[in-house]
**Q** 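Would you mind keeping the following structure in view while I ask a few things?
In this text, all values refer to a predicted model and were calculated from it rather than measured experimentally. Each chain gets a letter, A, B and so on, in the order its sequence line appears, and its residues count up from 1.
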2 protein chains.
Amino acid sequence: MTTHAAGPRRLQILREASRLFAERGFHGVGVDEIGAAVGISGPALYRHFAGKDAMLTELLVGISSRLRDGGEQRVREAEEAGRSAAEALDALVRGHIDFALDDRALITLHDRELDRLPEAERKRVRRLQRQYVELWVGVARRAYGGLSEPAARAAVHAVFGLLNSTPRLSRPSALPSREETAALLRRMAHGALRAAAGE
Amino acid sequence: MTTHAAGPRRLQILREASRLFAERGFHGVGVDEIGAAVGISGPALYRHFAGKDAMLTELLVGISSRLRDGGEQRVREAEEAGRSAAEALDALVRGHIDFALDDRALITLHDRELDRLPEAERKRVRRLQRQYVELWVGVARRAYGGLSEPAARAAVHAVFGLLNSTPRLSRPSALPSREETAALLRRMAHGALRAAAGE
DNA sequence: CAGGCCGGTTAGCGAGCGTTAACCTGGCGG
DNA sequence: CCGCCAGGTTAACGCTCGCTAACCGGCCTG
């Protein structure tokens, strides 16, 4: 079969691989290094993954799915509770911030290494990403009046860039506490969206 | 000597190299490809550059210098004309937007491939980047009252993420016109900064 | 207690990479 | 007219990389 079974080793490998890929880029990390990071060496990885590409694929598909599924769930919950579109949008913002602050390496990979995937998998990831964007675009347009669809899409991309900026900071120690950072990003995201809609 | 002379060929190579590096990553592009992109093949590049690393170095040092120098000039001009800190900040925003929209490939490299530089050059580029950030931080804190220095730094990084988001769009054709995009980004940047300062 | 399989090991292969070497050519200055 | 040099060429080298092959020990099962 083409897929391997699950297991704690597998997860450990994925965690270390995501860290290394984020630090030095997909092509900049060798399989021996990934193996060494989990205490085994080199070709033993092939007992768990079909190859180096398969690791990146699994990481990117995983993160895109989690983003989209988490987003859809938050919006659904807000709607079922009868909350406003503005509140649903805030739920999306908070969810994305949690993700960006807790899984910095994955966020980095997510918008940096997509082009290193083989064609078929790349399409799959792009589809998930597009669905996530469209979810935001819909909610944002309902929350703010004067947003055309192209403008909303550009604005959403810009907000993603804003929210994903923290992983790029060289020393995270230079940041305020996690809660302060989250609050700051949340305020900025809403400020940016409000301004995009033209006050 | 270690440096090569200037020349149109050199610039042509740098332009194509930046495009290719941005598309597929530094490690994902071979020297033969870069050569082919300018109509010569492979090792002929070594008549113009000491090596592949030297091309990336020159690109990153160049862009970081242009950003910092351009920013300092704008702030200086604003101060000499007696304009407010808010206006100086707007000048920084506009300048950065022009850069992001006109040199998309370079902006991408700038925050994606820094780690592929040899240690010495990387320090040099980081120093330029830090100076640019500090320029923004100073102006932003003068323009808005309630911004602590760590918060201002995080906010500035976030705004960079926002402004640099457009190159990541798969098809730029999905964007509004250049002027509309610039205006949108400008509004969003100021909205985000205002919100960071706490209204 | 025998056997299979799970998850390791080391050795090695084949391709691709950046780089160097050796050679060539056309234009320009003395 | 001669020689030099700038700017190309192709061949080849050495290294690194992803991956496969061959082998092996421990544990669980029949």
**Q** Atom CD1 of B:Ile34 and atom C1' of D:dG8: how far apart are they, to the nearest Å?
**A** 17 Å
**Q** Given atom CZ of B:Arg47 and atom P of C:dT19, what is their separation to the nearest angstrom?
**A** 15 Å
**Q** How close or far is atom C1' of D:dG18 from atom CZ of A:Phe21, stated in whole angstroms?
**A** 12 Å
**Q** Identify whether any heavy atom of A:Val38 sits under 4.0 Å from a base atom; if not, whether one sits that close to sugar-phosphate; answer base, sugar-phosphate or nothing.
**A** nothing
**Q** For the side chain of A:Lys52, counting heavy atoms from C-beta on, which of C:dG8, D:dG18, D:dT9 is nearest?
**A** D:dG18
**Q** What residues, two or more places apart in sequence or in another chain, satisfy side chain to side chain donor-acceptor pair (under 3.5 Å) together with B:His96?
**A** B:Tyr132, B:Asn164
**Q** So do A:Arg153 and A:Trp136 actually touch side chain to side chain, heavy atoms under 4.5 Å?
**A** no
**Q** What is the separation between atom CE on A:Met55 and atom C1' on D:dG18, rounded to the nearest whole Å?
**A** 10 Å
**Q** Considering heavy-atom distances to DNA chain C, does A:Pro43 or A:His48 have its closest nucleotide positioned more toward the 5' end?
**A** A:His48
**Q** Would you say A:Ile34 and A:Met55 make side-chain contact, with heavy atoms under 4.5 Å?
**A** yes
**Q** NA contact type, B:Gly42, heavy-atom cut-off 4.0 Å: base, sugar-phosphate, or nothing?
**A** nothing
**Q** Choose from D:dC19, C:dT9, D:dT9 the nucleotide whose nearest atom is closest to any side-chain atom of A:Tyr46.
**A** D:dC19
**Q** Rounded to the nearest angstrom, tell me the gap between atom CZ in A:Phe49 and atom P in D:dG18.
**A** 15 Å
**Q** Can you tell me the distance, in whole Å, between the NE2 atom of A:His4 and the P atom of C:dC5?
**A** 15 Å
**Q** Given atom CD1 of A:Ile40 and atom P of D:dG25, what is their separation to the nearest angstrom?
**A** 19 Å
**Q** Determine, for A:Tyr144 and A:Arg194, whether the Lys NZ or Arg CZ falls below 6.0 Å from the six-membered ring centre while staying within 45 degrees of the axis.
**A** no
**Q** From CG of B:Asp32 over to P of D:dG8, roughly how many Å is that when rounded to an integer?
**A** 15 Å
